[in-house]
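It should be emphasised that the depicted structure is a prediction, and the values quoted were computed from it without experimental measurement. For this chain, numbers begin at 1 and follow the sequence in order. Counting convention: from 1, in listed order, for ligands and their atoms alike.
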Amino acid sequence: MILILNDNADPSSVEYGRLMAALRLLPGIEVKVHRIVGELRAVTEVYLIGDTKQLSADEMQALPCVQHVVRVSEEYRILGRHKEDSRPSYFEYQGLRFGQDTLHVFAGLCAVDTAQHVERMCRALETNGQTCTRMGAYKPRTSPYSFQGHGSACLDYVFDIAGRHGIKIIAMEVTHESHVDEIRDALRQTGSPTGVMLQIGTRNTQNFELLKAVGRQQEFPVLLKRGFGITLDESLNAAEYLASEGNSKVVFGLRGMKTNMGDPHRNFVDFAHVPVVKRLTRMPVCVDPSHSVGSRARAPDGILDLMHVTAQAVAAGVNMVLVDFHPDPPKALVDGPQALQLSELAHFLEDVRIAREAYLQRVEAAKRHHIA
Ligand code: PEP
Ligand code: MN
């Protein structure tokens, strides 16, 4: 809670002394005073830190010198970006930094199908200087008769192959807390040749028991996908569930919203929320162009829709791109129609670099104009 004092409130006045005496009596509340002395006036803000829910805004308002009271949002307490918040907005994993200022591409298989495809995918990534990938072993599917992923049966060879190609992190969805143990066991079994970023998919964004279980471990960071049919606020609160259980290494993933307003894209692309999530929280933000666009449609300029939306997100400062590739899309068991081909990887990465450069230039321009 913040108390904004009357203009020119005088710290040596009797009134001011009475205010401070009253604040000192508040149990468990720390009082921090910020006084900004300008040319025309002095602004004094008093920060009340602690369990301020118990305080009545009306009673605070009635104290001497108080002009108005601001109740700082209780939302996203740990992951949120609060006023005067100097906590870092990054974390490190496997020697890589994930922050609101970095960018990593996680190109890879939507679902692991064969060891040969994992090998070809990882080799292409290594050739193109990539150290992160996506590989789904546990796949939530709309139809119970569709391929659900190889599960723990593929983990050993996936970790092994990835490690041999210098892959440091694999984004891998978990749909049940037991999958976390299976991943941990398989990593130990294979000598931890790589790392895993646990992914919570859009169908599980509000699976609170799964969130709590994944939040209780701190070994693996988490990519939480936004729920495709809930508000942004609800999805950000889902991320806060992870942090409230102890794991604040969370990346927030935008992946499109379920509505026919986005047709003919598979989902309505919501990448305009990249700066919004960065403003509201300290989480790095990821976009998934594959599951939002859902096809290989190409614009008349020769650029795939999928690459257009990726570039839009990167130019807006996104920190991670999760994208489906496949060495032989017609043979993919999941989401073949939206997969990019390995021959397109170099072009995709070049397009990302161009957009990133544009973003960095945009930040510089903003600084210049802001100063002027
Ligand atoms: C995925 O990334 O494989 C996936 C299923 O994504 P989403 O949960 O966003 O549908
Ligand atoms: Mn998919």
Non-hydrogen atom of Gln199 closer than 4.0 Å to ligand 1: yes
Those residues that, when tested against Arg279, pass salt bridge (Lys or Arg N to Asp or Glu O under 4.0 Å) (two or more places apart): none
NE2 (His291) - the Mn ion (ligand 2) - SG (Cys110) angle, nearest 10°: 130°
Flag side-chain contact, heavy atom, 4.5 Å: Leu304 against Leu340: yes
Side-chain touch Tyr16/Leu5, heavy atoms, less than 4.5 angstrom: yes
Would [X] and [Y] pass as an ion pair if we require N to O under 4.0 Å?
| X | Y | value |
| --- | --- | --- |
| Lys225 | Asp288 | yes |
| Arg123 | Glu119 | yes |
| Arg188 | Asp185 | no |
| Asp335 | Arg266 | yes |

Proximal candidate to atom 8 (O) of ligand 1 [heavy atom criterion; set Asp288, Leu224, Thr175, Thr202]: Thr202
Glu350 vs Arg353, salt bridge (charged side-chain N to carboxylate O under 4.0 Å, His left out): CA-CA, chis, key distance, verdict: CA-CA 5 Å; Glu350 182 181 347; Arg353 268 195 300 276; 5.5 Å; no
Show the atoms of ligand 1 that are less than 4.0 angstrom away from any heavy atom in [X].
| X | value |
| --- | --- |
| Arg203 | 8 (O), 10 (O) |
| Arg255 | 7 (P), 9 (O), 10 (O) |
| Gly201 | 8 (O) |
| Lys139 | 1 (C), 3 (O) |

The Mn ion (ligand 2) contact by Asp335, N, O or S atom under 2.8 Å: yes
Residue, atom name and distance, where the atom is the protein heavy atom closest to atom 4 (C) of ligand 1: His291 NE2, 3.6 Å
Nearest-neighbour protein heavy atom for atom 7 (P) of ligand 1, which is reported as residue plus atom name and distance: Lys225 NZ, 3.3 Å
Glu173-ligand 1 polar pair, N/O distance under 3.5 Å: no
